[in-house]
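In the text below, chain A, chain B and the rest are named by the order of the sequence lines, each starting its count at 1. All of these numbers come straight from a predicted model, not from anything done at the bench.
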Amino acid sequence: MPDQHVVVVSAAGSAEHTVTSGTKAWELFADEPEVIAARVGDELRDLSYQLEDGDRVEGVTIDSSDGRAILRHSTAHVMAQAVQELFPKAKLGIGPPIEEGFYYDFDVPEPFKPEDVERIESRMRKIIKEGQRFSRRQVSDAEARDELTAEPYKLELIGLKGDAGKSAEGANVEVGAGALSIYDNLRRDGSLAWKDLCRGPHLPTTKRIPAFTLMRTAAAYWRGSEKNQQLQRIYGTAWESKEALDAYLHRLEEAARRDHRRLGAELDLFSFPDELGSGLAVFHPKGGVLRKEMEDYARRRHEESGYDFVYSPHITKAGLFETSGHLQWYADGMYPPMHVDAVVDDEGAVVKPGQDYYLKPMNCPMHCLIYRSHGRSYRDLPMRLFEFGSVYRYEKSGTLHGLVRVRGMTQDDAHIYCSREQLHDELGELLTFVLDLLRDYGLDDFYLELSTKDPDKHIGSDEVWEQATQMLAEVASASGLELLPDPGGAAFYGPKISVQARDAIGRTWQMSTIQLDFNLPERFDLEYTASDGSRQRPVMIHRALFGAIERFVGVLTEHYAGAFPPWLAPVQVIAIPVAERHVSYLHTLAARLRAEGIRVEVDESDDRMQKKIRTAQTQKVPFMLIAGDRDVAEDAVSFRYRSGVQDNSVPVDDAVERVVEVVRQRTQV
RNA sequence: GCCGGCGUGGCGCAAUUGGCAGCGCAUCCGACUUGUAAUCGGAAGGUUCGGGGUUCGAGUCCCCGCGCCGGCUCCA
């Protein structure tokens, strides 16, 4: 047999190997059990791939990101096999790996019940134990159609092959752009257990799935469109080891512990009374303090940065939203109108037609009216109108989620009107302002997203879009932050930058948006007189920093896991007497702190001191100030922090100074 | 909006096949006065989300509505 030369690439470097013709990739990695696939050139291949002369081959380990994706994809196959064995009528949708797991969609006559999922999982364990081999074979389109007559969704995918724009996300996992392949799952005796149209690659055998679990079921529309059939989706996850799976499940528990809906109740911050209706929150006194601090600080910063404060009503006549275009474009997202002032006579004939009023879904139309309230000069620009504006949006019931997605919310909304010449500088300053302010609230890990024109849905000339997009891109890159493109993601009226923040456990949240608008200045016919006396149209920028305050409260609650930095903490100091005789001493201390504007409480309940500490701890109060005989004798007080760290016998003057300073500096403790 | 799950004192949960609605925390009262995460005793607290139905009997089964949760779709 003729020899072939291949290059094996590894962390240690690359080495040339001479192998006989017909050698399979796995033979290169026979003593590396963690290798489950091969990267040949740029392509991921099964380990059964037959090497060719000149190949550059790298082992893909199961704990790498590609390796995990392959593991999860293979586990999805095992799940689909188990489902079809248990539910012979189930038709296959798609089953791709996703971030931290996988799913597979099925068309089944009855949705899966929780018990079904357990059965599927145990069937999967059986299949894994059997050590079935994933065996790839290439097929022509015609052959694939012939073999898959019982799988209508797969047939549809074959028809869409290579047309990435039309197929669902994840569908290209089934049918690559090139030739089709089918994976046979073969039992030890070589008999066929199951097969699926799939691009691969896969693990060598099902035995190589070290740890998996099924997570949940859900419905999902075929190819992501609500016009299509709804399929039943099962989510699962798979990991390279039991330990990695446990660590993942542990991370989920940690995230659940931070859930703002749970913390909101535990810390008595806010609630969603059923009586109000879906997506409508009330803030309790403690949540009110938090929110007020956030708002007050934002107000101060806006004042310093040249914003003018305005106010506008929650409800307006329909005409305004006709002018703005909201009723034409977004009526579905608005609460239905209330019809007022109609007069009907005894016969039922309309004497006076009355009119519709709408709750406002956005503040911008009102701000445009303020701009238009009198003639504007170039000397007025940039004009920055700011409002904590409460808006109401009739979000679909299924999308509501705690404070993060609500129907009634308060935006920290500003609209900036400026000339074209001012636009570039204004955007640059704005982005800096936004990022600085977010940092002050404790978020410091950002990236940006630039949403550009949707070719099918936009107004304004290409030239203006081009120019504006270019400007946003320049400003974004000047920030030094990572910039991700979001092609086609812009609203119809202009491109935008959105600021994404990563929280303390690495989750990302969309925070601020800076949105250019070519539409509203037209619709409201906004003008200013330029220095040469000509009439010009201003450019408008929409921006919200928090997005909505409600949502920002939710995000910060999760970011801090409820342990807010002292300047935001609803109760900043809890004073705990060792015994009852120390209470009055602490009241004196508390009065001093209160005089400095510190939110302090003295716990004079008849609980034991240990219990008081526990209570303060569970309420995540940043400073516990404890006083007993020793402290009183020394005119001192003892600190305990949420971390459990103690600092005893601190002189009272120093203690007050320490607390005041931390609050003033907005630092975390 | 769609699919599935769920709804029991303020909170977290229990209640066998349809058979006396219970526990812990919190609350209130009393005793105790203790140096860094739960002192002891007692009391009070319920139209089992709302409405309708089946049944001798419904927290439990059926229907409608409201709300919540997980997804899908949407997110100006």
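The cationic atom of A/Arg233 (NZ for Lys, CZ for Arg) lies less than 6.0 Å from the six-membered ring centre of A/Tyr103 and within 45° of the ring axis. Cation-pi check for A/Arg502 over A/Trp509 is not met; the charged atom does not lie both under 6.0 angstrom from the ring centroid and within 45 degrees of its normal. With A/Tyr394 as the aromatic partner, A/Arg407 meets the cation-pi criteria of under 6.0 angstrom to the ring centre and within 45 degrees of the ring axis.
The side chain of A/Lys611 approaches B/rA38 more closely than any other nucleotide in the set B/rU34, B/rA38, B/rG67. Here the side chain of A/Pro111 is nearest to one of B/rG4, B/rG1, B/rG35, namely B/rG4. Taking the side chain of A/Gln610 as heavy atoms from C-beta on, and the options B/rA38, B/rA76, B/rG1, the nearest nucleotide is B/rA38. Checked against B/rA38, B/rC32, B/rG67, the side chain of A/Ser278 finds its nearest nucleotide in B/rG67. Nearest to the side-chain atoms of A/Arg261 among the listed nucleotides B/rC69, B/rA76, B/rA37 stands B/rC69. In the set B/rA37, B/rA76, B/rG5, B/rA37 carries the atom at the smallest distance from any side-chain atom of A/Arg614.
Between the C1' atom of B/rC32 and the CE atom of A/Met609 lies a distance of 16 Å, rounded to the nearest Å. Across the protein-nucleic acid pair, A/Glu100 atom CD and B/rG70 atom C1' stand 17 Å apart, rounded to whole Å. When rounded to the nearest whole Å, the span between CD1 of A/Ile234 and C1' of B/rG5 equals 15 Å. For the pair A/Asp607 CG and B/rC25 P, the computed distance is 12 Å after rounding to whole Å. Regarding A/Arg581, its CZ atom lies at a distance of 13 Å from the C1' atom of B/rC32, rounded to whole Å. What separates CZ of A/Arg393 from C1' of B/rC74 is a distance of 13 Å, to the nearest Å. When rounded to the nearest whole Å, the span between CD of A/Gln328 and P of B/rA76 equals 18 Å. Rounded to whole angstrom, the span from the NZ atom of A/Lys496 across to the C1' atom of B/rC75 amounts to 9 Å.
Nucleic acid contact class of A/Gly279 (heavy atoms, under 4.0 Å, all strands): sugar-phosphate only. Residue-level contact check: A/Tyr493 touches the backbone only, with heavy atoms under 4.0 Å from sugar-phosphate atoms and none from bases. Contacts of A/Gln232 with the nucleic acid, taken as non-hydrogen atoms under 4.0 Å apart, involve only primed sugar atoms and P, OP1 or OP2. When heavy atoms are screened at a 4.0 angstrom cut-off, A/Glu580 is found touching base atoms of the nucleic acid.
Using a 4.0 Å cut-off between a side-chain N of Lys or Arg and a carboxylate O of Asp or Glu, A/Glu254 and A/Arg251 do not qualify as a salt bridge. Remark: A/Asp525 engages A/Arg537 in a salt bridge, criterion side-chain N to carboxylate O under 4.0 Å. For A/Asp629 and A/Arg581, the salt-bridge test passes: some basic side-chain N is under 4.0 Å from an acidic carboxylate O. A salt bridge does not link A/Lys91 to A/Glu156: none of the charged side-chain nitrogens sits closer than 4.0 Å to a carboxylate oxygen. For the pair A/Arg614 and A/Asp607, the salt-bridge criterion is not met [side-chain N within less than 4.0 Å of a carboxylate O].
Close to B/rA31, at under 4.0 Å from its OP1 or OP2, lies no side-chain N or O of A/Arg608. Contact annotation: A/Lys113 does not reach the phosphate of B/rC3 (side-chain N/O to OP1 or OP2, under 4.0 Å). The side chain of A/Arg640 contributes an N or O atom lying less than 4.0 Å from OP1 or OP2 of B/rA37.
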Within the sub-3.5 Å range, which N or O atoms of nucleotides 60-63 of chain B have a protein N or O partner, and how far apart are they?
none

Name the pairs: protein N/O against N/O of nucleotides 71-73 of chain B, kept only if under 3.5 Å.
unit_1	atom_1	unit_2	atom_2	d
B/rG71	O3'	A/Tyr235	OH	3.1
B/rC72	OP1	A/Tyr235	OH	3.4
B/rC72	O4'	A/Ala219	O	3.0
B/rC72	O2'	A/Tyr221	N	2.9
B/rC72	N4	A/Gly398	O	3.4
B/rU73	O2'	A/Glu226	OE2	3.0
B/rU73	O2	A/Lys396	NZ	3.3

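Pairing for B/rU48 is absent, with no Watson-Crick or G-U wobble pair whose two atom distances lie under 3.5 Å. Both distances falling under 3.5 Å, in either a Watson-Crick or a G-U wobble arrangement, place B/rA43 opposite B/rU27. Nucleotide B/rC20 forms a pair with no other nucleotide shown, judged by Watson-Crick or G-U wobble geometry with both contacts under 3.5 Å. Here B/rU60 sits opposite no nucleotide as a Watson-Crick or G-U wobble pair (both hydrogen-bonding atom distances under 3.5 Å). A 3.5 Å limit on both hydrogen-bonding distances identifies B/rG71 as the Watson-Crick or G-U partner of B/rC2. Across all strands shown, B/rA15 forms no Watson-Crick or G-U wobble pair with both key distances under 3.5 Å. Under the Watson-Crick or G-U wobble criterion, with both distances below 3.5 Å, B/rU54 has no partner in any strand shown.
In terms of heavy atoms, A/Leu526 sits closest to A/Tyr371 at CD2-CD2, 3.7 Å.
In the model, A/Thr513 has no side-chain atom that pairs as donor or acceptor with a side-chain atom of A/Ser498 under 3.5 Å. Using modelled atom types, one finds no donor on one side chain facing an acceptor on the other under 3.5 Å when comparing A/Ser605 with A/Lys611.
The 12-atom threshold is exceeded at CD of A/Glu115, counting heavy atoms of other residues, nucleotides or ligands nearer than 6.0 Å. No more than 12 heavy atoms of other residues, nucleotides or ligands sit less than 6.0 Å from atom CD of A/Glu99.
A heavy-atom distance below 4.0 Å to RNA chain B is reached by these residues of residues 620-638 of chain A, ordered by number: A/Ile626, A/Gly628, A/Asp629, A/Arg630, A/Asp631, A/Ser638.
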